[in-house]
Amino acid sequence: MTRSYTSSASALRTFTCLVLLLAGGGCRESGSAEVPAPPDGPDVFPRITDSELLDLVQRRTFAYFWEFGHPVSGMARERNTSGDLVTTGGTGFGLMALPVAIERDFISRSQGRDRALVIVRFLQTKTTRYHGAFAHWVNGETGETIPFSVQDDGADLVETSLLVQGLLTIRQYFNGASPEEKELRERINTLWEEVEWTWFQRESTEALYWHWSPQYGWDLNLPIRGWNEALITYVLAASSPTYPITRLVYENGWTAGSTFLNGKSYYGEVLPLGEAYGGPLFLSQYAFTGLNPHLLTDSYTHYFDQNRAHTLINYAYCKTNPFKKKGYSEQCWGLTACDVPGGYNANSPTNDKGVIAPTAALSAFPYTPEESMQALHYFYYKLGDQLWQLYGFVDSFSPEAGWVADSFLSIDQGPIILMIENYRTGLLWDLFMSSPEISKGLTDLGFQPVSNNTRNL
């Protein structure tokens, strides 16, 4: 899911700075090189309660989707410089953020419903689909596909899954009797039922494939194998009421991946699944904005234990800082895919460019609440004059290079809102897991429910 861009946002940055100055917030010049303050340095913002701080982070981050959503489609722009380019996976996160915003009184229920209707109508009537699946990138005005790469100009099944995860979540939330909410549910059901998951078995092979192009067919040749962010794809494919895959496809596709099983110990934490040291943190976050890991166990692992171990390994790596990266500490941690100086990188303990992404630690709140709160305090109170901007925390920063990104990415902003809410109330977990199709799909794949224990705050 790597992306390469050159970010230029001078107009937006000027507007952002004016808004923040009027609101009493901090602002920095685009491209400035600054060295993060030490953890014991002075606070740049007044102290508030942790609950108030979480509210503030969720509200400001939600503004990326609400205020900066595409004016025609309502979908989420890929990043703050994307213009008409919108992203399907990021839109899934943006849809899931609507119930959070309503429950926390950022917007009204009718406002959230109306935005969801704009998006869903656009998806159904204007957006190009491929055997029911969506492209990674879409033109937010016309609905036409924008190629992600030369051969990736058609269906992206994983991005489609992140979108469908969001659609099912809001279908469960907008359960009222009004004509608008009925229409929303009906349109979502149609979109959901029209995704031909079995088509992506590539002529009945026992695995799902990530891409299909009307011009290049299966040339990208990327089977979806674990462990990575795509568990949600197999769960949805097994849960489909119209085109369900069998358990054999799951076992011979997903669980047969060369990096599926691990079982080794890193920094004293046994990692059941995944690559060495766990990989970037988004692997334990994207699919679990909706899937409740507390309720998932199978013959391989209990998925909350898996995700907590993954996060603690990432935290311990930054805390112990074996390669002496500048600024890394128990307060300043979190490696995941994000912008880096000159491009984009899937940062992890085995692929470390010296760049910290606030989304990594903040989207890990359900797994490491104390460590994530410690990081939040540092990012906001100590570095807020550099990191805290119009749409919440900027995408990333490098103490090593004295560099702070001037970008916001939908796939990084979204999980912050959602996973903080799952930590606080379990709202998105409750909604998505209440889908009857999901319950059946998980059972068919061999998952065994465990007792519900999702509330932390």
side-chain hydrogen bond (donor to acceptor under 3.5 Å, both in side chains): pairs with one or both residues in residues 355-365, sequence neighbours excluded: Thr359-Ser363
Kindly indicate whether the side chain of Asp152, heavy atoms from C-beta on, has any atom under 4.5 Å from the side chain of Trp210. no
Once you round to the nearest 0.5 Å, how far does CD of Glu421 lie from CH2 of Trp429? 11.0 Å
Please check if the side chain of Thr160 supplies one atom and the backbone of Phe134 the other of a donor-acceptor pair under 3.5 Å. yes
Tell me yes or no: between the side chains of Arg424 and Gln58, is some donor less than 3.5 Å from an acceptor? yes
Describe, in one word, how the ring planes of Phe288 and Trp227 are oriented to each other, choosing from parallel (under 30°), tilted (30 to 60°) and perpendicular (over 60°). tilted
Mutual orientation of the aromatic rings belonging to Phe62 and Trp66 [parallel < 30°, tilted 30-60°, perpendicular > 60°]: parallel
Would you say that Tyr277 contacts Asn314 through its side chain, given a criterion of any heavy-atom pair below 4.5 Å between the two side chains? no
Determine whether a donor-acceptor pair (N or O, by modelled atom type, separation under 3.5 Å) exists between the side chain of Thr259 and the backbone of Glu275. no
Kindly write out the residues that satisfy side chain to side chain contact (heavy atoms under 4.5 Å, CB included) with Pro272, not counting sequence neighbours, or none if the list is empty. Thr301, Gln306
For His131, give me all partners under ring pair (Phe, Tyr, Trp, His ring centres under 6.0 Å), at least two apart in sequence or on another chain. Trp199, Trp212
Counting N and O atoms only, with roles assigned by atom type, does the side chain of Arg308 sit under 3.5 Å from a partner on the main chain of Tyr367, one being a donor and the other an acceptor? yes
side-chain hydrogen bond (donor to acceptor under 3.5 Å, both in side chains) against Asn175, all qualifying residues, sequence neighbours excluded: none
Side-chain atoms of residues 91-103: list all donor-acceptor pairs with protein atoms under 3.5 Å, sequence neighbours left out, distances to 0.1 Å.
unit_1, atom_1, unit_2, atom_2, d
Thr91, OG1, Ala76, N, 3.0
Thr91, OG1, Thr87, O, 2.6
Glu103, OE2, Tyr173, OH, 2.5

Only one of Asp339, Asp395, Asp406 passes salt bridge (Lys or Arg N to Asp or Glu O under 4.0 Å) with Arg79; say which it is. Asp339
Using side-chain heavy atoms (C-beta onward) and a distance below 4.5 Å, is Tyr303 in contact with Leu273? yes
Please identify each residue that fulfils side chain to side chain contact (heavy atoms under 4.5 Å, CB included) with Ser439, with sequence neighbours left out. none
Show the numbers, then the answer: is there a ring pair (Phe, Tyr, Trp, His ring centres under 6.0 Å) between Tyr234 and Trp254? CA-CA 8 Å; Tyr234 277 90; Trp254 177 250; 5.8 Å; yes
Verify, without hydrogens or angle tests, whether Tyr286 (side chain) and Gly89 (backbone) share a donor-acceptor contact under 3.5 angstrom. no
